[in-house]
*Asks:* 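Can you keep this structure in mind? I'll have questions shortly.
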Amino acid sequence: MKFTAEHEALRKTVRDFVEKEINPHCDEWEEAGEFPIHEIFKKLGALGVLGIQKPEEYGGMGLDYSYNLVAAEELGLAHCGGVPLAIGVQTDMCTPAIARFGSDELKRTFLAPAIAGEMVGCIGVSEVGAGSDVAGMKTTARQDGDDYVINGSKMWITNSPRADFICLLANTSDDKPHKNKSLIVVPMDSPGISFSPHLNKLGMRSSETAQIFFDDVRVPQRFRIGAEGTGFMMQMLQFQEERMWGAANVIKALENCIDQTIAYCRERKTFGQPLLDNQVIHFRLAELQTEVEALRALTYQACELHIEGKDVTKLASMAKLKAGRLGREVTDSCLQYWGGMGYMWDNPLSRAFRDVRLVSIGGGADEIMLGIICKMMGTLPGKKRD
Ligand SMILES: Cc1cc2nc3c(=O)[nH]c(=O)nc-3n(C[C@H](O)[C@H](O)[C@H](O)COP(=O)(O)OP(=O)(O)OC[C@H]3O[C@@H](n4cnc5c(N)ncnc54)[C@H](O)[C@@H]3O)c2cc1C
């Protein structure tokens, strides 16, 4: 990956934003279980950060994915995972399909305001009975005149309590599970939408998460993204950017854990010497930093392939898998060296330990990534490639 002066300028913009507008408030937002998402998104929109690789015609910067990767990396320097997650949902989870396959009307009505930070979006795929098994979801959108009438529910939806629209995956026919789904943009103020109370999460406390219920929610059929029945395919494509974003976002967050642990272990003395002088500790931290560099290389390779327009499914799945596994390893190992301090709720390592745990679950659990990689390797029983 060759970074230019433009990449570095964007990196500095995002890093300054994290330092000035996010980090001073993280403790308060984590405690409150929310942050002023519209206010923060408007500021990010003004900087162009919500539309880095989106078309210029709709207010985006029209840059390639490497710039997005740089922004995702810098957001990892936030002192909490919840705010970057909310931003990632907006840029890489609920808008890629609209940008790639949406009509001009959808782009003007939802994408342009999302890029400007005037609208907050969310992505509705998971259901109570269908998280990993996306094909098994039950929410329906039945045609009625020029409209769809939507019934069902979506579970664990990030940003949903504050969102202005949802990019919703729904069954629009009784065809086979991979051919009966459509992505539909639904305004969140539509009559018939209601929410559970905020879900009480292990981590990502500052991001708001709820279950959404759809009870005869009416939306024009022209709010469908692309052709009817192609939703599963579009969502699988959209997942690739979500997974690369997830991997990129973890890199600096993990480095930050290692750096903070080095600083702590340099100061903290046991048996008359700094903790860091124990070979078992400085060797372990060197090993973890080496692993983070390997994650960086893998993520950059996936990004380069994506920019070339090649199928990135295998590498994006590998990067997401590695990010989840390494995230658990780094935060757990570092927390150990903080001893009792690491076990305190407000300790930075304790927060990272809780926040990063999501990476192995959300956007496709580790085992789902392994299944995809096996499919691409031709080792999944009964699903061998030619
Ligand atoms: C904080 C948070 C935010 C989220 N935000 C969103 C969002 O904005 N939008 C959205 O649509 N979803 C969201 N999700 C949902 C998330 O994507 C799902 O939780 C995830 O896909 C896993 O689905 P599940 O929870 O139903 O787990 P299940 O499908 O019940 O699986 C449970 C576990 O079983 C294992 N497993 C599953 N299948 C297999 C298999 N075939 N082989 C071996 N092991 C397997 C995995 O370890 C998995 O973690 C969010 C979740 C959380 C916790």
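Start at 1 and go down the list; that is how both ligands and their atoms are numbered.
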*Asks:* Heavy-atom contact under 4.0 Å between C122 and ligand 1?
*Replies:*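 C122 does not count as a contact of ligand 1 under the 4.0 Å cut-off.
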*Asks:* With side-chain contact (heavy atoms from CB on, under 4.5 Å) as the test, pick out the partner of I115 among K107, Q90, K54.
*Replies:*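 Among K107, Q90, K54, the one meeting side-chain contact (heavy atoms from CB on, under 4.5 Å) with I115 is K54.
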*Asks:* Could you check which of C94, A163, S126 puts a non-hydrogen atom nearest to atom 18 (C) of ligand 1?
*Replies:*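 Selected option, by shortest heavy-atom distance: S126.
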*Asks:* Out of M1, E8, H7, E6, which residue meets the side-chain contact (heavy atoms from CB on, under 4.5 Å) rule with V70?
*Replies:*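 When side-chain contact (heavy atoms from CB on, under 4.5 Å) is applied between V70 and each of M1, E8, H7, E6, only H7 qualifies.
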*Asks:* With no hydrogens and no angle check, just 3.5 Å: does a side-chain donor-acceptor pair link N151 and D216?
*Replies:*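 A pair is found: one side chain offers a donor N or O, the other an acceptor, under 3.5 Å apart.
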*Asks:* Centre of F3's six-membered ring, under 6.0 Å away, within 45 degrees of the axis: is that where NZ or CZ of R11 sits?
*Replies:*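 Cation-pi check for R11 and F3: passes.
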*Asks:* Please determine if S132 has a nitrogen or oxygen closer than 3.5 Å to a nitrogen or oxygen of ligand 1.
*Replies:*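 Yes, S132 has an N/O under 3.5 Å of an N/O on ligand 1.
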*Asks:* Give the contacting part of A365 toward ligand 1: side chain, backbone, both or neither, where contact means a heavy-atom distance below 4.0 Å.
*Replies:*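 Just the side chain.
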*Asks:* Would you tell me whether S360 and D366 have side-chain atoms, one donor and one acceptor, within less than 3.5 Å of each other?
*Replies:*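 Their side chains do contain a donor-acceptor pair, which is all the 3.5 Å distance test asks for.
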*Asks:* May I ask you to test the E19-H79 pair for a side-chain heavy-atom distance under 4.5 Å?
*Replies:*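 A side-chain contact under 4.5 Å is absent here.
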*Asks:* For atom 38 (N) of ligand 1, what is the nearest protein heavy atom, given as residue, atom name and distance?
*Replies:*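 Answer, as residue, atom name and distance: I368 CD1, 3.7 Å.
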*Asks:* My question is simple, although I want it checked carefully: is atom 34 (O) of ligand 1 less than 4.0 angstrom from any protein heavy atom?
*Replies:*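 Protein heavy atoms within 4.0 Å of atom 34 (O) of ligand 1 - there are none.
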*Asks:* List every atom of ligand 1 that sits less than 4.0 Å from any heavy atom of I157, numbering the atoms from 1 in the order shown and giving each element.
*Replies:*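 In order of number, 7 (C), 8 (O), 9 (N), 10 (C), 11 (O).
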*Asks:* Under 4.0 angstrom from ligand 1, any heavy atom of G371?
*Replies:*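 Distance cut 4.0 Å: G371 fails for ligand 1.
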*Asks:* How about Q235 and I123: do any of their side-chain heavy atoms sit closer than 4.5 Å?
*Replies:*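 Yes. Closest side-chain heavy atoms under 4.5 Å.
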*Asks:* With the threshold set strictly below 4.0 angstrom, can you tell me whether any protein non-hydrogen atom sits that near atom 31 (O) of ligand 1?
*Replies:*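 Yes, there is a protein heavy atom closer to it than 4.0 Å.
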*Asks:* Could you check atom 52 (C) of ligand 1 against the protein and tell me its nearest heavy-atom contact, residue, atom and distance included?
*Replies:*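 Looking at atom 52 (C) of ligand 1, the protein heavy atom closest to it is L358 CD1, 3.5 Å.
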*Asks:* What is the nearest protein non-hydrogen atom to atom 8 (O) of ligand 1, stated with its residue, atom name and distance?
*Replies:*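 For this ligand atom, the closest protein heavy atom is T158 N, 3.0 Å.
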*Asks:* Is there a polar contact between ligand 1 and I123, counting only N or O atoms under 3.5 Å apart?
*Replies:*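 Between I123 and ligand 1, an N or O pair is found under 3.5 Å apart.
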*Asks:* Give me the nearest non-hydrogen protein atom to atom 47 (O) of ligand 1 as residue plus atom name, then the distance to 0.1 Å.
*Replies:*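 Answer for atom 47 (O) of ligand 1: E367 OE1, 2.7 Å.
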*Asks:* Tell me whether atom 10 (C) of ligand 1 lies less than 4.0 Å from at least one protein heavy-atom position.
*Replies:*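 Neighbour list for atom 10 (C) of ligand 1 includes protein heavy atoms (cut-off 4.0 Å).
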*Asks:* For atom 20 (C) of ligand 1, what's the nearest protein heavy-atom neighbour? Residue, atom name and distance, please.
*Replies:*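 Sorting protein heavy atoms by distance from atom 20 (C) of ligand 1 puts I361 O, 3.3 Å first.
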*Asks:* Can you check whether E242 reaches P96 side chain to side chain, under 4.5 Å on heavy atoms?
*Replies:*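 E242 does not reach P96 side chain to side chain.
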*Asks:* Can you list the ligand 1 atoms lying under 4.0 Å from a non-hydrogen atom of K201?
*Replies:*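 Ligand 1 atoms under the 4.0 Å threshold to K201: 1 (C).
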*Asks:* Do G363 and ligand 1 have an N or O pair less than 3.5 Å apart?
*Replies:*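 Min N/O separation from ligand 1 is below 3.5 Å for G363.
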*Asks:* Got the closest protein heavy atom to atom 7 (C) of ligand 1, with its distance?
*Replies:*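 The answer is W156 O, 3.4 Å.
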*Asks:* Specify the protein heavy atom at minimum distance from atom 26 (O) of ligand 1: its residue, its atom name, and the distance to 0.1 Å.
*Replies:*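 Looking only at protein heavy atoms, the one closest to atom 26 (O) of ligand 1 is G131 CA, 3.2 Å.
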*Asks:* For L199 and ligand 1, answer yes if some heavy atom of the residue is under 4.0 Å from a ligand atom, otherwise no.
*Replies:*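 L199: no contact with ligand 1 (<4.0 Å).
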*Asks:* Going by atom types only, do S173 and E228 share a side-chain donor-acceptor pair under 3.5 Å?
*Replies:*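 E228 and S173 do not have a side-chain donor-acceptor pair below 3.5 Å.
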*Asks:* Examine the side chains of S350 and W345 and answer whether a donor and an acceptor come within less than 3.5 Å of each other.
*Replies:*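 Looking only at side-chain atoms, W345 and S350 do not form any donor-acceptor pair under 3.5 Å.
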*Asks:* Run the ring-centre check on F110 versus F223 and record whether the distance is less than 6.0 Å.
*Replies:*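 Yes, they do, as the ring centres are separated by less than 6.0 Å.
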*Asks:* For ligand 1, which is the ligand I care about here, please tell me if A130 has any N or O atom under 3.5 Å from one of the ligand's N or O atoms.
*Replies:*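 There is no such contact.
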*Asks:* Are side-chain N/O atoms of D311 and Q240 paired as donor and acceptor at under 3.5 Å?
*Replies:*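 No pair is found: no donor N or O on one side chain lies under 3.5 Å from an acceptor on the other.
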*Asks:* Does NZ or CZ of R243 come closer than 6.0 Å to the centre of the six-membered ring of F239, within 45° of the ring's axis?
*Replies:*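 Flagged: R243 positioned over aromatic ring of F239.
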